[in-house]
Amino acid sequence: MNLPGFPPMPDFPAGEVWLAGAGPGDPRLLTLLALHALATADDIVHDALVDPRVLGLKRADAELIPAGKRGGRPSPHQRDINEILIERARAGRRVLRLKGGDPFVFGRGWDEASALIAAGIRFRVIPGVTAGLAAAALAGIPATTRETNHAVVLAAGHRAEDDGSTAEDWAALAKLGQPIILYMPMTQLPEIVTALLQGGLAKETPAALLQSATTENERVMESTLGALVDDARRNEIGSPAILVIGAIVGLRRQLLSHLIGWR
Ligand code: SAH
């Protein structure tokens with residue numbers, strides 16, 4: 001894996017856990033470090049969202065352990081995932097914990113890192129290309145431009161039920177007046193849109209749903225905040241999707257004439 005003129009790839013010693021991001025899907029968006037980790041690991045504990053094409057890059061004899069947390073479906077408890085990582089590392093395996101996007105962006109990387117620390121296990125973090133920024137860029141939506149925004153909000157639509165979040169939290173985000181890139185928007189789409197409108201965002205605010213970016217199922221649906229819920233239903237947009245709200249969505253029109261599509 002070492003490339004001429006590049007810093008050498010780190011050793012992956014037995015008993016270590018590497019928490020790595022796999023990017024939004026297409027394996028060409030992996031980092032070189034994630035590729036190195038895939039080619040080296042004994043055990044790969046992966047999320048449901050990690051693309052099969054990425055998992056195909058593993059060593060032929062490496063073990064795949066699915067551990068996806070997926071909203072709305074039965075999924076292993078976070079404690080059980082932590083336990084698998086700890087057990088495998090203690091058994092002297094080189095454990096790659098592979099997550100969609102970036103491990104520390106709505107990816108529970110913190111929970112797992114904390115559990116590893118409590119168990120006395122050393123770990124490395126390999127950042128990944130996060131889905132929100134990648135999906136937006138590939139659809140022709142710049143996260144920031146000097147003309148439109150000096151900040152951008154990354155937010156999660158679907159959260160743990162008991163976190164106490166309320167419509168006021170969405171209203172507070174609306175009042176920032178900055179574009180919002182929303183992960184996991186689909187399960188509570190009508191509630192979120194209503195709260196943002198009540199918080200002061202105009203019905204005409206441009207919005208786009210970006211489904212399954214960089215995969216075969218990729219779809220882009222442009223709309224406005226007021227029409228979003230109906231348009232999403234009519235077009236049968238499903239998860240995983242990113243919702244982008246704000247003036248940056250309107251810039252897409254200007255880029256599309258010369259923007260080369262993905263693939
Ligand atoms: N750690 C991940 C996010 C995990 S939360 C990251 O940094 O990207 C899961 C959410 O990510 C999904 O509900 C969806 O909102 C988003 N997502 C992941 N992959 C995606 C893709 N290929 N296209 C669109 N959204 C995606």
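We count ligands from 1, going down the list as the structure has it; atoms in each ligand are counted the same way. It should be emphasised that the depicted structure is a prediction, and the values quoted were computed from it without experimental measurement.
Counted by atom type alone, D231 and S223 present one or more donor-acceptor pairs between their side chains at under 3.5 Å. A donor-acceptor pair shorter than 3.5 Å cannot be found between the side chains of E168 and W170.
Scanning the protein for heavy atoms near atom 23 (N) of ligand 1, the closest one is A213 N, 2.8 Å. The protein heavy atom nearest to atom 13 (O) of ligand 1 is M184 CG, 3.1 Å. Of all protein heavy atoms, the one closest to atom 25 (N) of ligand 1 is I242 CG1, 3.4 Å. Nearest non-hydrogen protein atom to atom 5 (S) of ligand 1 is F106 O, 3.5 Å. With hydrogens left out, the protein atom closest to atom 2 (C) of ligand 1 is G100 O, 3.1 Å, a heavy atom. Of all protein heavy atoms, the one lying nearest to atom 14 (C) of ligand 1 is A241 O, 3.3 Å.
V125 has its side chain within reach of P103: a pair of non-hydrogen atoms, C-beta onward, lies under 4.5 Å apart. The shortest side-chain heavy-atom distance between R252 and E222 falls under the 4.5 Å cut-off.
The main-chain N or O of G21 is never found under 3.5 Å from a side-chain atom of K99 such that the two would form a donor-acceptor pair. Judged by distance alone, the side chain of D26 and the main-chain N or O of R28 form a donor-acceptor pair under 3.5 Å.
Contacts between A156 and ligand 1, counted as non-hydrogen atom pairs separated by less than 4.0 Å, are absent for every part of the residue.
The neighbour count for N2 CG, taken as heavy atoms of other residues, nucleotides or ligands under 6.0 Å away, is above 12. No more than 12 heavy atoms of other residues, nucleotides or ligands shown are found within 6.0 angstrom of CZ on R122. More than 12 heavy atoms of other residues, nucleotides or ligands shown are found within 6.0 angstrom of CZ on R59.
The N/O atoms of Y183, backbone and side chain alike, include none that comes under 3.5 Å of an N/O atom in ligand 1. Among the atoms of V105, some N or O lies under 3.5 angstrom from an N or O of ligand 1. Considering both main-chain and side-chain atoms, P24 comes within under 3.5 Å of ligand 1 through a nitrogen or oxygen pair. Between A131 and ligand 1, a contact under 3.5 Å exists for at least one N or O pair. Ligand 1 has no N or O atom lying under 3.5 Å from any N or O atom of P103, backbone or side chain. The shortest N or O to N or O distance between D102 and ligand 1 is below 3.5 Å. For ligand 1, none of its N or O atoms has an N or O atom of L182 under 3.5 Å away.
Ligand 1 does not have S239 within reach: every non-hydrogen atom of the residue lies 4.0 Å or more from it. Using a 4.0 Å cutoff on heavy atoms, G25 does not count as a contact of ligand 1. Using a non-hydrogen distance threshold of 4.0 Å, T214 does not register as a contact of ligand 1. Residue A135 places every heavy atom at 4.0 Å or more from ligand 1.
Heavy-atom contacts of L49 reach the following atoms of ligand 1: 9 (C), 18 (C) (cutoff under 4.0 Å). Of all atoms in ligand 1, numbered sequentially from 1 with element shown, those under 4.0 Å from a heavy atom of L210 are 24 (C). The distance from ligand 1 to the heavy atoms of T130 drops below 4.0 Å at these ligand atoms: 6 (C), 7 (O), 8 (O).
Salt-bridge formation is not detected for the pair E16/R94: no Lys NZ or Arg NE/NH1/NH2 atom is positioned less than 4.0 Å from an Asp or Glu carboxylate oxygen. A salt bridge links E63 with R88: the distance from a Lys NZ or Arg NE/NH1/NH2 to an Asp or Glu carboxylate oxygen falls below 4.0 Å.
Side-chain rings of F123 and W18 stay apart, their centers remaining 6.0 Å or farther from each other.
Of the options L85, D42, V17, a side-chain contact (heavy atoms from CB on, under 4.5 Å) to R93 is made by D42 and by none of the others.
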